[in-house]
Each structure stands twice: as structure tokens, then as C-alpha cells.
**Q** 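Questions regarding the structure given below will be posed in turn.
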Amino acid sequence: MAENRKYYYLKLKENYFDEDTIVLLESMPDGILYSNILLKLYLKALKWEGKLQIDEGMPYTAQMIATLTRNQIGTVERALKIFLQLGLMEEMPQGGYYMSNMELLVGQSSTEAERKKRARRKLKELPLLEKNGHLSTILPDIRPPEIEIEKELEIEKETEREKKAPSRKSYGEYSNVFLSEGEVQDLDRDYPDIWQRYAKELSSYMKSSGKTYESHSATIRRWIERDCRSGKAPEQRNYDEEEGSL
């Protein structure tokens, strides 16, 4: 992994689970399950500064959240309603959700090696006290104020993808749309009748415009979601105009 990569992580105070809202949440029926969903959503929102979205302009739906958190859609819908009531999340005017107080929970550090190096340096800076004729390093009686749960962002996941080397098949007229088996299964499940039409349109658009996308699956999903809202068919879209306005 490159040395200049950054890690973002969730910072939880040691009394996080004693806060009133979390105690109330976990006291409800299925409350422990809701608490688990809440932590997963905090982690999902790290990349987008608190917003729950796949990429720019494509917020998570309740069904997406259910899939990503591996819960039933009914459970997720009840959890979202409770989170809104308790002020743990907010609905954004443009659609989607924002995790409240996210800016207080996000930490950032450099690579694992650098973090270990800083810890060793701090240890060397501790005072040396003499005890029974020997010098020893005594750790100060200070408890850490936070428990840091490290969460790598998508940029770090790229390295894992490279290591695992998942097989991807090409789609579209120009065979330049690449989807893994899992992505195809998800598209078949969510958009069984139309996703291949969008894959064909994406293939033609990339060939003619020279544009590239980090995730072809996410782009197809974004186009479908936008067209569903506008009532357009894929062949009716002005790709140059709409993509340029993103």
C-alpha cells in the first residue's frame, strides 16, 4: 500500500453507549439490531462527510441500506424512522440522509506504519523514573478519551481488489463496460428488465466521449435512478449535457 494513503476512521467516546439517545435506542424492541445498523451507517458515511450515498448525486435508498447492512427492508425502514425521531440522522432536501454530528465522529490518520512510528515516538518521550535503583518508563495514569475504530475508504479498498483480482466480464457493444459476477447479480435483482440497456448506452457513450468511470455498476445505477425520477428512457437522454452538469 502506498505510503501517502490516508485512513479515515470512526471515533467513539468511551461513554458512547451511555448517551441518552443510544440507551433509548437499545432499550427498544430490536434496539441492539438498530444500534448495529447505526454504526454501519456511520462507517458508510465516512467517505462522503456524513452523507449516505454511493457517489455524487446518488443517495442510498432504504433497499440499498438493507442490502449493504444485510438486514430485512422492514427492519431498516423502522430503524431509519427511529433515527430521524431521535435526531441521529436528517433527511436532506435533495433526497437521501445525513448522519447527524458526523463531523464530531470522523478521524483521519496516515498509514499504519506512520501511526505505529508516532506511538513509539510518544513512548520514548515519556519520563524516566528511578525505582529500586533502575530507570523505567512509567505510563502516565491517563485513560484514552476515545476508542478509535479504523475504517478504510474506497481508495484503500482498491488495493484489496487488486490483491484478490476479481474476475470481471465485459458488456456493451464495445466490450468496455466491466462488471463482476456479484455486481451483475445485484443489477439482475434490482433492475432485471433494464440494466442491460443502460450497459449498452454506457458502452456507446464512453466510446464516443472518451470518458471513464471508476465504477460502471454505480454509474448504471445512477443513470437508472435519475431516469426513473425524470421519466426518461435511456435512449432519450442527452448524455453530453447531463454528464457535463454533474
Side-chain angles (χ1 to χ4, degrees), residues 10 12 16-17 19 21-102 105 149 151-154 157 161 166 171 179-199 202 214-234:
L10 192 65
L12 298 182
Y16 169 83
F17 289 102
E19 293 179 359
T21 52
I22 303 303
V23 172
L24 289 172
L25 179 67
E26 293 191 338
S27 67
M28 299 177 181
D30 291 328
I32 300 300
L33 185 57
Y34 298 156
S35 179
N36 179 265
I37 293 173
L38 180 65
L39 288 177
K40 289 182 178 180
L41 293 184
Y42 277 137
L43 293 172
K44 292 293 182 185
L46 282 175
K47 181 179 180 180
W48 300 102
E49 299 179 337
K51 293 179 287 186
L52 285 170
Q53 57 188 38
I54 293 179
D55 59 10
E56 290 292 347
M58 187 175 181
Y60 284 133
T61 63
Q63 180 60 63
M64 292 179 185
I65 293 173
T67 300
L68 294 172
T69 61
R70 298 181 290 279
N71 284 282
Q72 298 294 325
I73 179 64
T75 301
V76 167
E77 289 176 341
R78 291 192 297 273
L80 295 178
K81 183 178 180 179
I82 293 170
F83 296 160
L84 291 169
Q85 292 173 343
L86 292 177
L88 295 169
M89 67 163 38
E90 305 169 22
E91 288 188 276
M92 296 189 294
Q94 65 272 32
Y97 300 98
Y98 172 79
M99 304 304 295
S100 303
N101 300 321
M102 190 68 188
L105 299 174
I149 302 178
K151 172 66 177 178
E152 292 188 357
L153 290 176
E154 189 66 26
K157 291 181 181 178
R161 293 195 199 101
Y171 294 83
L179 301 170
S180 68
E181 182 179 351
E183 289 171 334
V184 170
Q185 290 176 351
D186 290 343
L187 289 169
D188 275 333
R189 180 196 63 216
D190 298 334
Y191 311 107
D193 300 323
I194 58 175
W195 77 264
Q196 293 192 39
R197 292 168 60 194
Y198 281 86
L202 177 59
E214 180 179 350
S215 171
H216 294 164
S217 173
T219 302
I220 290 171
R221 286 178 174 275
R222 185 184 67 194
W223 286 6
I224 293 174
E225 289 284 336
R226 183 160 56 185
D227 287 354
C228 286
R229 291 194 295 268
S230 64
K232 291 183 179 179

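Note that the structure is predicted; figures quoted are calculated from it, not measured.
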**Q** Using 0.5 Å steps for rounding, measure from the NZ atom of K44 to the CE atom of M99.
**A**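 Taking NZ in K44 and CE in M99, the distance rounds to 13.0 Å.
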**Q** In Å and rounded to the nearest 0.5 Å, what is the CD1 to CE distance from I73 to M64?
**A**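 CE of M64 is found 11.0 Å from CD1 of I73.
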**Q** Would you give the length of the straight line joining atom NZ of K51 to atom CD of E90, rounded to the nearest 0.5 angstrom?
**A**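 Spacing of NZ (K51) from CD (E90) equals 13.0 Å.
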**Q** For E19, which residues count as a side-chain hydrogen bond (donor to acceptor under 3.5 Å, both in side chains) partner, sequence neighbours excluded?
**A**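 With sequence neighbours excluded, E19 shows a side-chain hydrogen bond (donor to acceptor under 3.5 Å, both in side chains) to no residue whatsoever.
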**Q** Find out whether Y60 and L41 are in side-chain contact, i.e. whether some heavy atom of one side chain is under 4.5 Å from a heavy atom of the other.
**A**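 Sidechains of L41 and Y60: no contact.
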**Q** Apply side chain to side chain contact (heavy atoms under 4.5 Å, CB included) to L43 and L39, showing your working.
**A** CA-CA 6 Å; L43 293 172; L39 288 177; 5.6 Å; no
**Q** Return the minimal non-hydrogen interatomic distance between G96 and P59, and the atom names on each side.
**A**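 G96 and P59 have their closest heavy atoms at CA-CB, 3.6 Å.
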**Q** Roughly how far, to the nearest 0.5 Å, is CD1 of I220 from CG of D190?
**A**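 Those atoms lie 12.0 Å apart.
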**Q** Is atom CD of E181 surrounded by more than 12 heavy atoms (other residues, nucleotides or ligands) closer than 6.0 Å?
**A**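 No, the 6.0 Å shell around CD holds no more than 12 heavy atoms from other groups.
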**Q** Counting only pairs under 3.5 Å, give me each side-chain donor-acceptor contact of residues 22-34, with atom names and distances, residues two or more places apart or in other chains.
**A**
residue	atom	partner	partner atom	Å
E26	OE2	S35	OG	2.9
S27	OG	V23	O	3.4
S27	OG	L24	O	2.7
Y34	OH	R78	NE	3.4

**Q** Taking only residues two or more places apart in sequence, or in another chain, which ones meet E225 in a salt bridge (Lys or Arg N to Asp or Glu O under 4.0 Å)?
**A**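 Scan of E225 (salt bridge (Lys or Arg N to Asp or Glu O under 4.0 Å), adjacent residues dropped) gives none.
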**Q** Please round to the nearest 0.5 Å and tell me the distance separating atom OG1 of T75 and atom CD1 of I65.
**A**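 If we round to the nearest 0.5 Å, T75:OG1 and I65:CD1 are 13.0 Å apart.
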**Q** Could you tell me which non-hydrogen atom of A218 sits nearest to which non-hydrogen atom of M58, and how far apart they are?
**A**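 A218 and M58 have their closest heavy atoms at O-SD, 3.7 Å.
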**Q** Which residues pass the side-chain contact (heavy atoms from CB on, under 4.5 Å) test with E91, not counting sequence neighbours?
**A**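 If we apply the side-chain contact (heavy atoms from CB on, under 4.5 Å) test to E91, skipping adjacent residues, the hits are L84, Y97.
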**Q** Drop me the distance from I37's CD1 to L80's CG, to the nearest 0.5 angstrom.
**A**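 It comes to 8.0 Å.
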**Q** Not counting sequence neighbours, which residues clear side-chain hydrogen bond (donor to acceptor under 3.5 Å, both in side chains) with T69? List them please.
**A**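 If we apply the side-chain hydrogen bond (donor to acceptor under 3.5 Å, both in side chains) test to T69, skipping adjacent residues, the hits are N71.
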**Q** Does the side chain to side chain contact (heavy atoms under 4.5 Å, CB included) test come out yes or no for L187 and R221, once each step is laid out?
**A** CA-CA 8 Å; L187 289 169; R221 286 178 174 275; 3.9 Å; yes
**Q** Restricting to ring-ring contact (aromatic ring centres under 6.0 Å, His included), what partner residues turn up for Y171, sequence neighbours left out?
**A**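 ring-ring contact (aromatic ring centres under 6.0 Å, His included) list for Y171, sorted by chain: W195.
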**Q** Specify the closest pair of heavy atoms between P192 and R189, including all atoms of both residues, with the distance to one decimal.
**A**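 Looking at all heavy atoms of both residues, the closest pair is CD-O, 4.0 Å.
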**Q** Report yes if some heavy atom in the side chain of F83 is under 4.5 Å from a heavy atom in the side chain of T21; otherwise report no.
**A**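 Sidechains of T21 and F83: no contact.
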